S.K.: 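Here it is, the structure, as structure tokens.
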Amino acid sequence: MIDLASVSLDDAASVASTLESPASTVWDLETFILWIDVRSCWIDDSVQAEELFAESLTLVSPEEQNSLRRYYFRRDAAEHLASLLLQHLVISQLADLPWIESRVSRTMMGRPFHETGRFDYNVSHHSGRVAIGVRVADQRHIGIDLVDPEEAARNWKQGWIDDFHDIFSDSEYVQILRDGNKENEITKRRLFTFWALKEAYTKAVGIGLVTDLKSIEFNCVEDVDTNERPYTRSTICKVKNELIDWRFEIFALEGGLILASATTNDGLTSRDKTKITKIDLDYVTKAAAPFHFPMTHNSECNVILG
């Protein structure tokens with residue numbers, strides 16, 4: 001990671017010009033997803049991780065630093081910080097703003113957005129991994145959901161899959177349980193794939209999970225092959241028994257992670273593939289470093305490991 005204090009405001013242009021990463025190829029696309037793994041750099045039980053986490057706090061505003069104080073566990077704070085950094089990265093790049101001017105606003109439902117940008121984005125995190133999905137178009141939204149099925153089901157009791165009858169339709173249950181085994185790993189991945197698709201759609205339309213989730217019904221959902229790279233599949237959805245013209249995609253990421261995305265097909269062509277790219281912390285800090293903020297009082301690490 002670069003030394004934040006060593007980069008002055010006069011170096012901003014030169015730093016921006018050195019942003020060379022796979023992520024550099026996405027900024028002209030109609031739709032894309034960036035994701036980052038912060039487990040080793042911020043969450044590990046080490047002095048180095050603690051110092052790097054405190055240093056990275058200076059990349060967000062004092063108000064955002066203060067918002068991180070409410071988290072009891074470092075993992076929760078780290079995921080929230082990574083989410084903020086990804087949002088500022090997208091806003092500064094797509095709205096052509098200095099990092100320090102990349103403001104994050106929120107709707108009445110708490111959905112983040114940028115007021116002047118002609119683009120929409122959505123964030124998701126799970127188990128130390130954080131992603132942001134972006135749709136570059138006026139009045140067209142995107143939703144994503146990231147899930148680690150093994151981590152999500154780790155502490156659930158036997159028969160846990162029967163607790164979802166208010167979420168999945170009868171047709172979806174048939175698809176999820178088509179092997180007849182409620183406890184195997186494939187069934188778990190199926191269930192959380194359906195869950196991620198529903199959450200991605202509700203986040204895209206801005207209603208969250210406060211709706212009749214059984215009325216959002218997915219079909220033709222393939223089993224996720226976590227060993228295939230890259231893995232991308234599409235599926236279809238009915239809302240209140242009406243087929244909707246949306247693009248739903250499922251991605252398999254390293255470590256068994258599943259990511260689902262949802263965006264309207266309006267304005268997209270078959271050539272407009274969603275590109276998903278993993279980035280590292282150095283790429284983000286190089287974009288942010290010329291505009292780092294002072295540390296707020298006692299905010300360097302008001303969270304514990306966990």
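The shown structure was predicted, so the numbers you read here are calculated from the model rather than taken from an experiment.
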S.K.: So with a 6.0 Å cut-off around CD of Gln175, is the heavy-atom count from everything else above 12?
M.R.: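 Enclosed.
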
S.K.: Taking only residues two or more places apart in sequence, or in another chain, which ones meet Arg140 in a salt bridge (Lys or Arg N to Asp or Glu O under 4.0 Å)?
M.R.: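 Here the qualifying residues are Asp266.
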
S.K.: Relative to each other, are the rings of Phe164 and Trp160 parallel, tilted or perpendicular (30° and 60° limits)?
M.R.: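 Ring orientation of Phe164 relative to Trp160: perpendicular.
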
S.K.: Name all residues meeting the ring pair (Phe, Tyr, Trp, His ring centres under 6.0 Å) criterion together with Phe113; count only those two or more places apart in sequence or in a different chain, and write none if there are none.
M.R.: none

S.K.: Looking at side-chain heavy atoms only, is the closest gap between Phe32 and Thr277 below 4.5 Å?
M.R.: no

S.K.: Look at the aromatic rings of Phe53 and Trp42 and report parallel, tilted or perpendicular, splitting at 30° and 60°.
M.R.: perpendicular

S.K.: Test side-chain contact (heavy atoms from CB on, under 4.5 Å) on Cys237 and Glu217; report intermediate values, then the result.
M.R.: CA-CA 6 Å; Cys237 177; Glu217 186 175 80; over 6 Å; no

S.K.: Under 4.0 Å between a side-chain nitrogen and a carboxylate oxygen: does that hold for Lys182 and Asp162?
M.R.: yes

S.K.: Should the pair Arg135 and Tyr121 be classed as cation-pi, given the thresholds of under 6.0 Å to the six-membered ring centre and 45° from the axis?
M.R.: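 No.
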
S.K.: Do other residues, nucleotides or ligands put more than 12 heavy atoms under 6.0 Å from Lys214 NZ?
M.R.: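 Count over threshold, so yes.
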
S.K.: Are Glu254 and Lys278 close enough for a salt bridge, meaning some N to O gap below 4.0 Å?
M.R.: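 The answer is yes: the pair qualifies as a salt bridge.
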
S.K.: Please step through side-chain hydrogen bond (donor to acceptor under 3.5 Å, both in side chains) for the pair Gln93 and His88, ending with a clear verdict.
M.R.: CA-CA 8 Å; Gln93 292 291 321; His88 286 298; over 6 Å; no

S.K.: Would you find a donor on one side and an acceptor on the other, under 3.5 Å apart, between the side chain of Trp99 and the backbone of Leu59?
M.R.: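 Side chain of Trp99 to backbone of Leu59: a pair is present.
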
S.K.: Got a sec, which residues hit side chain to side chain donor-acceptor pair (under 3.5 Å) with Arg106, two or more places apart in sequence or on another chain?
M.R.: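 None.
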
S.K.: I need the full list of salt bridge (charged side-chain N to carboxylate O under 4.0 Å, His left out) pairs touching residues 80-99, with sequence neighbours left out, sorted by first then second residue.
M.R.: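 Found none.
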
S.K.: Glu79 and Ser83: side-chain hydrogen bond (donor to acceptor under 3.5 Å, both in side chains), yes or no, with the steps?
M.R.: CA-CA 6 Å; Glu79 291 174 345; Ser83 172; over 6 Å; no

S.K.: Using modelled atom types and a 3.5 Å cut-off, is there a donor and acceptor pairing between side-chain atoms of Gln65 and backbone atoms of Leu57?
M.R.: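 Checked: pair present.
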
S.K.: Are Leu85 and Trp27 linked, directly or through intermediate hydrophobic residues, by side-chain heavy-atom contacts shorter than 4.5 Å (ILVMFWY only)?
M.R.: yes

S.K.: Mind checking salt bridge (Lys or Arg N to Asp or Glu O under 4.0 Å) for Glu172 and listing every partner two or more places apart, or none if nothing turns up?
M.R.: Lys198

S.K.: Whether Arg190 and Asp179 form a salt bridge (side-chain N of Lys/Arg under 4.0 Å from carboxylate O of Asp/Glu) is what I want to check.
M.R.: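 Between Arg190 and Asp179 there is a salt bridge, with a charged N closer than 4.0 Å to a carboxylate O.
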
S.K.: Do any N or O atoms from the side chain of Asp120 and from the backbone of Ile142 form a donor-acceptor pair under 3.5 angstrom?
M.R.: yes

S.K.: My understanding is that only residues two or more places apart in sequence, or in another chain, count here; which of them pass salt bridge (Lys or Arg N to Asp or Glu O under 4.0 Å) with Lys238?
M.R.: none

S.K.: Are any side-chain N or O atoms of Arg111 and backbone N or O atoms of Lys203, one a donor and one an acceptor, separated by less than 3.5 Å?
M.R.: yes

S.K.: Would Ser61 and Glu64 count as a side-chain hydrogen bond (donor to acceptor under 3.5 Å, both in side chains) here? Give the steps.
M.R.: CA-CA 5 Å; Ser61 70; Glu64 290 168 332; 3.3 Å; yes

S.K.: Answer yes or no: are there more than 12 heavy-atom neighbours, outside Asp245 itself, under 6.0 Å from its atom CG?
M.R.: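 Result for CG/Asp245: enclosed.
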
S.K.: Cluster question for you: counting only ILVMFWY and a side-chain heavy-atom cut-off of under 4.5 Å, with indirect links fine, are Val205 and Leu268 together?
M.R.: no

S.K.: Are Arg178 and Asp223 ion-paired here, with the side-chain N under 4.0 Å from a carboxylate O?
M.R.: yes

S.K.: Is Asn241 atom CG crowded by more than 12 heavy atoms from other residues, nucleotides or ligands, each under 6.0 Å away?
M.R.: no

S.K.: State, without any angle test, whether Glu249 and Thr274 hold a side-chain donor-acceptor pair at a distance under 3.5 Å.
M.R.: yes

S.K.: For the backbone of Ser127 and the side chain of Arg129, can you confirm whether one donor and one acceptor N or O come within less than 3.5 Å of each other?
M.R.: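 It does hold such a pair.
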
